[in-house]
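Here's the structure, in C-alpha cells; my notes come after.
Quick note on labels: first sequence line is chain A, next is B, and so on, each numbered from 1. The structure presented is a predicted model; accordingly, all values stated were derived computationally and were not measured.
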Amino acid sequence: MTQSEIGWLLALRAADSGEQAHAVEALRGTLQNGLRIVLSGRTDVSEAHIEDFAQESLLRVLARLDHFQGRSKFTTWAQAIALNVAFTELRRKRWQDVSLDALLADGEHLAEPAMIADDVLGTDEDRTRLVAALRHAIEKDLTPRQRAAILGELREMPFDQIVALLGTTRSAAYKMLHDARRALKQRLHEAGITGADIQSAFDS
Amino acid sequence: MKPEDLRLTSDQVGVIVRMLGQTRDREFDCGECRDHADEFAETKLAGLQLNEALALVEHHISICPECREECEALIKILQARQ
C-alpha cells in the first residue's frame, strides 16, 4: 500500500475531527465528480440524484474501510463502490414493478417447444440441430426458477432484481444460473455439440 | 403477456448459445468480480497483463452486462482523470 493510500485511511479515521471532515469532503467531491463523468448525459439522472448517490456511496465506503486491501488506488476502490451504488439504484427503479409470479409464469412458457422456432438461428443443419438440443435441454434440465432467471436475463432485467424476486442472495442466484448454464452445456455436449460448434455457429 | 409474445427472438437465442459457449466450471460471481474491479480497471488502463484473478474478472464481464457496465464506467472515469 502506498503512502497516498495509507494517508487516505489515516485521514478518514483521524481522531482530529477537522482532519477527518476535510478528508470526507474531499472523498465526497471525488466520488461525485466521477459519477458526474458517467451519468451526467442520462435523462433519468439529475444533479440531485448524483449528490444522493455520492452521499450513499460515502457512507458505504466509510463502513468498509477495513476491506480496502491496497490492490488499487484508494480512490479507484471507492469509486467502484460508488458506481455499484448508483447503477444498482437506477436499475432497481426501472424494474421495480415486475412481479415474481409473472416472471415464473413467463419462464414456464420457455419449456414449451413452440417458444423457440426451429429456424430461429437459420435453416443450416448444424444450427437447427443446436436449437433442437437447446430446446430439449431447457425443457428437461432446468427448474422453473432457473427458467425464470434465464428469462429475466434475456429481458435484460438487473441481476439484483432477479435476486430480489427469487428471494435469495446474489451468490446463490449466480450459482443457480451458473448451474443452469452448465446443465445446458452438458446436454449440448451429450448431443455431440461442442463449444467449438457453438462458436462456429456464430462465426460463419 | 400472451404466449406468442414470449417466443424467443434470434437475438435472445443467440445470447443463450453464446453464454453457453463462454460457460466454464470455475467462474467469478458478481461479488468476486466487484472485489477485483478496481484492480482490473487500473491494470487494463495501464495495458498490463492480467493475473489469474483478473482474467476471471474479464471472463465474468463477458457474461454479466451489469458488471461490465460498472467496469467500463470505472475505466472511463480513470481515463478522464489521467
Side-chain angles (χ1 to χ4, degrees), chain A residues 33-35 37-39 67 69 71-73 75-81 83-84 86-88 91 102 105-106 109-110 112 114-117 119-122 130-131 134 138 150-151 153-156 158-160 170-171 173-175 177-178 181-182 184-185 188 195-199 201-202, chain B residues 1-46 51 53-54 57 60 63-81:
Chain A
N33 171 271
L35 291 172
I37 288 170
V38 293
L39 297 177
H67 294 262
Q69 297 179 346
R71 290 192 298 240
S72 69
K73 290 181 182 173
T75 50
T76 304
W77 175 78
Q79 194 72 62
I81 292 173
L83 287 168
N84 181 251
F87 280 118
T88 299
R91 292 173 194 133
D106 289 352
H109 286 295
L110 265 188
E112 298 169 9
M115 287 303 107
I116 305 179
D119 60 352
V120 69
L121 294 180
L130 172 63
V131 168
L134 180 64
I138 288 173
I150 284 182
L151 190 65
E153 286 213 314
L154 292 178
R155 291 178 179 174
E156 299 180 3
F159 192 59
D160 278 326
R170 282 187 72 95
S171 294
Y174 192 86
K175 184 177 183 311
L177 274 166
H178 185 216
R181 285 190 280 115
R182 288 174 63 192
L184 294 178
K185 190 176 181 180
L188 296 189
D197 293 332
I198 293 170
Q199 193 62 44
F202 288 95
Chain B
M1 198 177 282
K2 296 175 189 170
E4 56 267 32
D5 295 332
L6 294 168
R7 180 176 275 221
L8 298 188
T9 65
S10 59
D11 283 348
Q12 288 176 318
V13 175
V15 166
I16 294 177
V17 174
R18 280 195 188 87
M19 281 198 313
L20 298 186
Q22 291 169 319
T23 295
R24 298 177 182 174
D25 286 341
R26 167 75 177 118
E27 295 181 1
F28 266 179
D29 63 22
C30 300
E32 290 169 311
C33 179
R34 274 206 305 274
D35 285 345
H36 293 83
D38 51 341
E39 185 185 6
F40 175 80
E42 289 187 354
T43 304
K44 284 295 274 188
L45 202 54
N51 63 26
L54 300 188
V57 172
H60 179 83
I63 289 177
C64 177
E66 294 169 41
C67 289
R68 180 165 61 245
E69 180 178 45
E70 292 175 26
C71 277
E72 288 175 351
L74 185 57
I75 290 172
K76 183 176 179 182
I77 292 168
L78 298 183
Q79 282 174 326
R81 287 178 178 159

Checklist entry - Between A/L83, A/V38, A/D160, A/N84, which shows the greatest number of heavy-atom pairs under 4.5 Å with chain B? => result A/N84
Checklist outcome for this item: Honestly, the part of A/L39 sitting under 4.5 Å from a heavy atom of chain B is neither
Item to check | salt bridge (charged side-chain N to carboxylate O under 4.0 Å, His left out) contacts touching residues 34-43 of chain B (sequence neighbours left out) | outcome: A/R71-B/E39
Next on the checklist: If we define contacts as heavy-atom pairs under 4.5 Å, which of B/E32, B/K76, B/E69, B/E72 has the most with chain A?
Outcome noted: B/E69
Item to check | Heavy-atom pair count under 4.5 Å with chain A, highest-scoring of B/T9, B/I63, B/D25 | outcome: B/D25
Checklist entry - Which region of A/L134, side chain (C-beta onward) or backbone (N, CA, C, O), has a non-hydrogen atom less than 4.5 Å from a non-hydrogen atom of chain B, or is it both or neither? => result side chain
Item to check | Separation of B/H60 NE2 from B/Q22 CD (nearest 0.5 Å) | outcome: 12.0 Å
Checklist entry - Do you know which of B/R81, B/Q12, B/M19 has the most heavy-atom pairs under 4.5 Å to chain A? => result B/R81
Next on the checklist: Taking side chain as everything from C-beta outward and backbone as N, CA, C, O, which of these in A/L110 sits under 4.5 Å from a heavy atom of chain B? Side chain, backbone, both or neither.
Outcome noted: side chain
Checklist entry - What option among A/H178, A/E153, A/R170 has the most heavy-atom pairs under 4.5 Å with chain B? => result A/H178
Checklist entry - Out of curiosity, A/I138 CD1 to A/I150 CD1, how far, rounded to the nearest 0.5 Å? => result 6.5 Å
Checklist entry - Would you say B/Q79 has more than 12 foreign heavy atoms packed within less than 6.0 Å of its CD? => result yes
Next on the checklist: So B/C64 and B/C30, do their side chains get closer than 4.5 Å, heavy atoms only?
Outcome noted: yes
Checklist entry - A/K175 versus chain B, heavy atoms under 4.5 Å apart: side chain, backbone, both or neither? => result neither
Checklist outcome for this item: Taken to the nearest 0.5 Å, the spacing of A/L177 CG from B/E27 CD works out to 10.0 Å
Checklist entry - What part of B/L74 lies closer than 4.5 angstrom to a heavy atom of chain A: side chain, backbone, both or neither? => result both
Checklist entry - What distance separates A/Y174 OH from B/C33 SG, expressed to the nearest 0.5 Å? => result 8.5 Å
